[in-house]
Amino acid sequence: MAGKQDAPTATVVVDPDGVVSGWSEGGRLLLGWTAEDTVGRPVADLLVDPPPAGFPEGYGAGPDPTGFIPLRHRDGSTVDAVVAAQPLSGPDGRALGHAVTIQRWGRRPVIADRAFEQCPFALGAYDPELRFLWINASSGRVIAHSEEQVLGKKYREVLPEFDRKLFPERDDKPYTDKLAEVARTGEPARLITVFRPRGSNYANAWATSIWPVRDAEGRVRAVANWGFDMSAEYWARQRLLILNEASGGIGRTLDVIGTAQELAMTPVPGFADLVSVDLFDEVLHGEEPPSASAFVPGETITLGRAAQHSVKEDPDRAPGLPMPVSHPPGSVAARCMATGRSTVELAADPGEGGEWAFGPGLASDPAHWPPGNPLIDGSIAADGLTGRITVPLRARGALLGVVAFSRTDRPEAFTADDLILAEELTAKAAVAIDNARRYSRERTTALTLQRSLLPQGLPNQEAVEVASRYLPGGTGVEVGGDWFDVIPLSGARVALVVGDVVGHGLHASASMGRLRTAVRTLADVDLPPDELLTHLDDLVLHLASDIQPAGHFQQTGESGATCLYTVYDPVSRRLTLASAGHPLPLIISADGRTPVSAQPGPPLGIGGLPFEATELELPEGSLLALYTDGLVQSRKRDVDQRIAELQRILNHSATSLEALCDTVTDAMLPERRTDDAALLLARTHALDPHHFADWDVEPDPSQVPGARKFAVDQVDAWGLEEASFVTELVVSELVTNAIRYGEPPIRLRLIRDTSLICEVSDASNTAPHLRRARAFDEGGRGLLLVAQLTQGWGTRHTTNGKTIWCAQALP
């Protein structure tokens with residue numbers, strides 16, 4: 001029996017016939033019998049000896065009953081116990097039986113009675129209609145009624161405030177509904193209820209258990225409950241939950257407005273009913289916040305309402321643009337920003353028994369508030385508020401704005417612990433907002449650099465009609481290195497270029513600028529696409545070795561770049577292209593898609609591997625789409641599916657390339673982009689056959705006069721008589737040089753485009769160069785004369801030799 005000396009009190013419900021109808025867990029711990037063993041059996045079966053007279057109703061009666069009786073333990077041993085019985089009756093006075101308490105011998109029954117009466121837990125029993133059958137003293141203090149005042153009355157009549165949702169925004173039920181549910185279903189329930197007891201200045205959180213009381217047949221004859229005040233633990237846990245939510249919910253994006261919105265939404269509704277975040281305009285625009293010297297005493301402070309959220313707003317509603325908010329001098333917000341200290345305003349004084357009072361614990365003692373807090377302000381009550389905490393938003397010594405946490409119609413007012421929570425939330429958000437501000441400034445700088453390095457306007461040329469788009473990554477994504485270009489070439493040709501530097505940030509933008517400049521420089525030399533990429537690859541290798549110290553691996557920059565270089569000739573309608581690790585273009589002709597059977601070479605900076613050029617003949621009006629991988633990459637679908645989707649959009653192209661660009665970007669790019677994207681669309685034109693003419697020249701000096709006449713006649717036929725003289729001189733010089741220094745076959749071609757172009761081709765790879773002739777030299781002045789008389793000249797190498805060209809501005 002030594003192991004049973006600490007057994008708890010057992011509670012037994014006995015019906016008027018002496019049959020056990022209720023058995024507590026304490027009964028199992030004290031006597032070993034379970035409810036299944038005892039319910040439905042006579043209570044006398046628990047006794048070792050025959051039951052004494054008047055058992056059980058006579059036991060426990062009188063001023064000092066003993067109630068000593070030996071009971072039978074399940075293991076066959078005897079338990080000396082004291083028994084006390086209390087009658088149970090219904091509202092009509094009908095006897096329902098007795099509630100019997102059993103304790104091990106050594107404690108008098110009066111002690112048990114007093115233990116129930118003095119129990120700090122609130123205990124009560126109710127019939128299935130929720131009429132009071134019994135309550136202890138603690139329960140009476142909670143509901144501010146004595147047992148005599150409530151017996152026989154319905155719970156809803158005594159406590160109507162428990163018949164409504166204390167927190168309408170929460171998905172819970174009124175407490176009385178829970179009691180009725182347990183009576184109806186017979187299923188026990190446990191819950192936490194927050195309410196303010198009558199006569200109390202505190203908003204309490206109660207942990208409550210509700211269970212059914214059954215008779216011998218298992219029918220629910222009553223409902224019982226017990227509860228204890230766990231306010232200190234509850235409010236501390238709620239604050240920890242809010243802080244934990246803030247740790248993962250504030251600062252998820254590097255966006256000032258988004259972070260302010262996260263701060264406004266996180267504490268609602270668990271901590272506040274309305275939160276507003278006001279920031280300086282400089283912070284909203286990613287600039288440095290104003291210094292302390294910028295504040296003039298007595299002047300109104302104007303901020304931007306970056307975020308505001310309340311329990312009545314839809315959490316999925318998109319935030320609007322910041323609205324200007326003025327804080328006049330002397331206002332709480334202005335004082336907080338000036339002093340750098342938080343302020344708490346309450347609608348009533350808790351020390352005077354106001355309707356809205358402090359919660360339990362040290363926080364309810366005004367002595368534990370910081371100096372100057374709280375302020376009793378009737379104006380906030382007029383605004384429908386019960387309390388407001390105003391906190392200056394500071395990070396790294398700079399003032400960014402101010403935050404206000406407000407409460408409306410809720411049972412708990414702000415406490416000193418709440419002030420600590422508000423300041424911690426604000427401090428965490430302030431760092432995140434300042435990080436977002438700094439990132440926004442750096443991103444704006446990088447984006448400005450990126451856009452300045454891209455073409456500011458596409459050049460005039462007749463070969464293709466073009467339209468382009470560059471879209472940086474979404475908020476929180478650094479600027480990348482995507483780029484495109486349109487470069488007019490000799491012979492009315494045009495180069496279409498698109499490239500991508502791996503990585504993001506200023507380094508990627510600077511690398512992109514270097515590559516675009518290098519491509520333009522090499523394009524001026526009129527290199528074929530494959531040779532241009534080869535030179536570009538060598539340049540990237542040299543740049544990497546110059547920047548990166550020996551023995552270090554170059555992980556970013558131009559060595560992670562790709563490039564697609566294409567050249568279109570409107571005379572021959574041929575497109576020549578080469579790729580350095582870049583996606584090939586999509587070509588849509590009137591007959592459908594034109595396949596591009598080219599093999600992309602390695603990315604730039606690898607070195608040692610060749611690039612291959614591919615030539616295609618395109619029908620007039622073909623649509624070319626050059627793009628970077630940011631346009632077709634997706635986490636949900638593979639690249640091939642995305643390219644096929646892009647092709648379907650291009651097949652249903654609009655007449656306007658600008659409109660088609662918008663259609664493509666709207667359909668292909670998600671709202672939250674993780675990478676930047678570039679798109680270059682071009683519709684090819686074919687030069688009118690009447691706008692170009694060519695003539696084969698025999699390698700004989702006697703052919704020069706015939707070439708001059710051919711040129712003059714063609715220029716006159718075009719109505720360009722004013723250009724005849726210069727054209728005659730230029731043709732004479734270029735054809736003579738080709739006959740003297742070149743190799744057959746020799747061809748003269750005239751092109752009328754935006755300028756008058758003269759070209760002489762031969763099979764020699766030797767390129768002429770401009771030099772200044774000395775005073776007594778008989779030759780060496782021809783190319784100098786050509787350079788002086790024309791708008792420009794140059795040499796381009798072909799697979800079969802070279803072409804020398806010059807261009808004259810049309811009158």
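What's counted below: heavy atoms across the whole structure, side chains too, no hydrogens, waters or symmetry copies. As the structure is a prediction and not an experimental result, all values here were calculated from the model.
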>> Looking at every non-hydrogen atom in both residues, tell me the closest pair between S342 and E423 and how far apart they are.
In response: OG-OE2, 2.8 Å
>> Under the criterion side-chain contact (heavy atoms from CB on, under 4.5 Å), I'd like the reasoning laid out for F405 against D418: C-alpha separation, chi angles, the key distance, then a yes or no.
In response: CA-CA 10 Å; F405 303 86; D418 292 331; over 6 Å; no
> Where the side chain of D17 meets the backbone of V19, is there a donor-acceptor pair that is under 3.5 Å apart?
Replying inline: no
> Atom OG1 in T176, atom CZ in R156: separation rounded to 0.5 Å?
Replying inline: 4.0 Å
>> Set out, in order, the CA-CA distance, both residues' side-chain angles and the distance that settles side-chain contact (heavy atoms from CB on, under 4.5 Å) for Q149 and V158, then state yes or no.
In response: CA-CA 9 Å; Q149 290 175 315; V158 178; over 6 Å; no
> Do the non-hydrogen side-chain atoms of L130 and K154 ever get within less than 4.5 Å of each other?
Replying inline: no
> Shortest non-hydrogen contact from I143 to H145?
Replying inline: O-ND1, 2.7 Å
>> I need the minimum non-hydrogen distance between T38 and V20, along with the two atoms involved.
In response: O-CB, 3.5 Å
>> Using modelled atom types and a 3.5 Å cut-off, is there a donor and acceptor pairing between side-chain atoms of R407 and backbone atoms of F271?
In response: yes
> Can you list the residues that meet the ring-ring contact (aromatic ring centres under 6.0 Å, His included) rule with Y126, with sequence neighbours excluded?
Replying inline: F132, Y155
> So, the side chain of D273 versus the backbone of T408: is there a donor-acceptor pair under 3.5 Å, distance only?
Replying inline: yes
> Closest heavy-atom contact between A306 and A260?
Replying inline: CB-CB, 3.8 Å
>> So which atom in R221 and which in P128 form the shortest heavy-atom distance, rounded to 0.1 Å?
In response: O-CD, 3.2 Å
>> Test your reading of the model: is there a side-chain donor-acceptor pair from D383 to the backbone of L385, 3.5 Å cut-off?
In response: no
> Do side-chain atoms of H98 reach the backbone of V100 as a donor and acceptor pair under 3.5 angstrom?
Replying inline: no
> Would a distance-only check, ignoring hydrogens and angles, find a side-chain to backbone donor-acceptor pair under 3.5 Å from T259 to I250?
Replying inline: no
> Counting N and O atoms only, with roles assigned by atom type, does the side chain of N435 sit under 3.5 Å from a partner on the main chain of V431, one being a donor and the other an acceptor?
Replying inline: yes
>> Within this structure, what is the CZ-CD distance for the pair F228 and E233, rounded to the nearest 0.5 Å?
In response: 7.0 Å
>> Could you walk me through whether W23 and V12 satisfy the side-chain contact (heavy atoms from CB on, under 4.5 Å) test, starting with their C-alpha distance in whole Å, then the side-chain angles of each, then the deciding distance to 0.1 Å, before giving a yes or no?
In response: CA-CA 5 Å; W23 185 263; V12 185; 3.5 Å; yes
> Please walk me through it: do R214 and V39 pass side-chain contact (heavy atoms from CB on, under 4.5 Å)?
Replying inline: CA-CA 9 Å; R214 303 177 185 272; V39 172; over 6 Å; no
> Do I242 and L425 come close enough that some side-chain heavy atom pair is under 4.5 Å?
Replying inline: yes
>> Whether the T415 and D417 side chains hold a donor-acceptor pair (N or O, under 3.5 Å, no angle test) is what I'd like checked.
In response: no
>> Keeping R28 on the side-chain end and W33 on the backbone end, is there a donor-acceptor pair under 3.5 Å?
In response: no
> Where the side chain of T193 meets the backbone of W206, is there a donor-acceptor pair that is under 3.5 Å apart?
Replying inline: no
> Out of curiosity, L71 CG to L47 CG, how far, rounded to the nearest 0.5 Å?
Replying inline: 5.5 Å
> Would a distance-only check, ignoring hydrogens and angles, find a side-chain to backbone donor-acceptor pair under 3.5 Å from T11 to T101?
Replying inline: no
> How many angstroms lie between CD in Q261 and OG1 in T253, if you round to the nearest 0.5 Å?
Replying inline: 10.5 Å
>> For a quick test of reading the model, state the closest non-hydrogen atom pair linking A224 to V213 and the distance between them.
In response: CB-CG2, 4.1 Å
>> For a quick check under 3.5 Å, do R141 and S138 share a side-chain donor-acceptor pair by atom type?
In response: yes
>> Between F414 and L346, is there a side-chain heavy-atom distance shorter than 4.5 Å?
In response: yes
>> Less than 4.5 Å apart, side chain to side chain, heavy atoms only: is that true for I389 and L421?
In response: no
>> Side chains of N136 and S139: any donor to acceptor distance under 3.5 Å?
In response: no
>> If I take atom OG1 from residue T78 and atom CZ from residue R72, how far apart are they, to the nearest 0.5 angstrom?
In response: 7.5 Å
>> Just verifying a value: how many Å separate E245 CD and E262 CD, rounded to the nearest 0.5 Å?
In response: 10.5 Å
